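See below for the structure under consideration.
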Amino acid sequence: MKAYSMDLRERVIALCDQGRGTKEVAALFAVSPAWVRRLKQHRRERGDIVPRNGGGTRGRKIDRDRLSELVRQQPDATLAELRERLGVDVSLWAICKALKELGLSFKKSRSTLPSRIVPMSPRREHSGA
């Protein structure tokens with residue numbers, strides 16, 4: 001969503017400075033009263049009515065290249081093992097998300113032997129006659 005134009009901001013502030021009420025100004029320009037209050041507060045606190053910048057992105061704790069290399073070296077490593085080898089304090093979900101962003105799947109290898117204790121998947125038998 002784009003910020004309201006400077007022209008609109010200046011006209012809203014001008015009417016507020018003339019003594020018009022917040023709700024009246026909001027109705028006149030078809031904006032919310034809350035936005036008019038925030039605009040006045042912004043001017044009071046910062047001295048201008050310029051729109052603020054977007055939030056931006058947070059830095060990444062996980063080095064994607066290093067993670068990719070670790071997976072290449074040991075494809076069957078668990079998420080906890082990958083986190084330990086990376087040496088970062090992140091959740092297992094963060095490691096999983098980084099693997100997905102890299103296009104790497106985190107699945108058991110098909111070459112592993114099936115469990116002798118419990119079947120890994122339900123049998124594909126048809127019931128009935």
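Numbering starts at 1 and runs along the sequence shown. All values derive from a computational prediction rather than experimental measurement.
- The minimum heavy-atom distance between Val25 and Arg20, with the atom names listed, is CG2-CB, 3.6 Å.
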Q | side-chain contact (heavy atoms from CB on, under 4.5 Å) assessment of Val12 paired with Arg9 | A | CA-CA 5 Å; Val12 166; Arg9 290 167 178 269; 5.9 Å; no

Q: Apply side-chain contact (heavy atoms from CB on, under 4.5 Å) to Gln41 and Glu45, showing your working.
A: CA-CA 6 Å; Gln41 178 183 3; Glu45 292 175 355; 2.9 Å; yes

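- Taking a 6.0 Å sphere around CD of Glu84, one finds it holds 12 or fewer heavy atoms contributed by other residues, nucleotides or ligands.
- Contact between Thr22 and Arg37 at its shortest, heavy atoms only, is CG2-CG, 3.8 Å.
- Counting only heavy atoms from C-beta outward, the side chains of Phe29 and Val36 never approach each other to under 4.5 Å.
- One finds the CE atom of Met6 at 9.5 Å from the CD1 atom of Ile13 (value rounded to the nearest 0.5 Å).
- Proximity of Val31 to Leu8: side-chain heavy atoms (C-beta onward) are separated by under 4.5 Å at one or more points.
- For the atom pair CZ of Arg38 and OG of Ser32, the computed distance is 5.5 Å after rounding to the nearest 0.5 Å.
- For the residue pair Arg85 / Gln74, a side-chain donor-acceptor distance below 3.5 Å is found, with atom types taken as modelled.
- The line from CH2 of Trp93 to NZ of Lys100 is 4.0 Å long, rounded to the nearest 0.5 Å.
- One finds the CZ atom of Arg44 at 10.5 Å from the CG atom of Leu39 (value rounded to the nearest 0.5 Å).
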Q: Begin with the C-alpha distance, continue with both residues' side-chain angles, and end with the deciding distance and a verdict on side-chain contact (heavy atoms from CB on, under 4.5 Å) for Arg83 and Leu86.
A: CA-CA 5 Å; Arg83 176 176 61 185; Leu86 284 169; 5.7 Å; no

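- Contact check on Arg72 versus Glu69 returns a salt bridge, with a Lys/Arg side-chain nitrogen under 4.0 Å from an Asp/Glu carboxylate oxygen.
- The two residues Lys61 and Asp89 have their closest heavy-atom pair at NZ-O, 3.6 Å.
- Ala3 approaches Pro51 most closely through the heavy-atom pair CB-CB, 3.7 Å.
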Q.
Pair Asp17, Arg43 - check side-chain contact (heavy atoms from CB on, under 4.5 Å), show working.
A. CA-CA 12 Å; Asp17 289 345; Arg43 182 178 70 165; 2.7 Å; yes

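- Atom CD of Glu24 sits about 8.0 Å away from atom CG of Leu15, to the nearest 0.5 Å.
- For the pair Leu99 and Leu79, the minimum side-chain heavy-atom distance is below 4.5 Å.
- You'll find the side chain of Asp48 reaches within 4.5 Å of the side chain of His42, heavy atoms only.
- Of all the heavy atoms in Ala94 and Ile62, the pair that sits closest is O-CD1, 3.6 Å.
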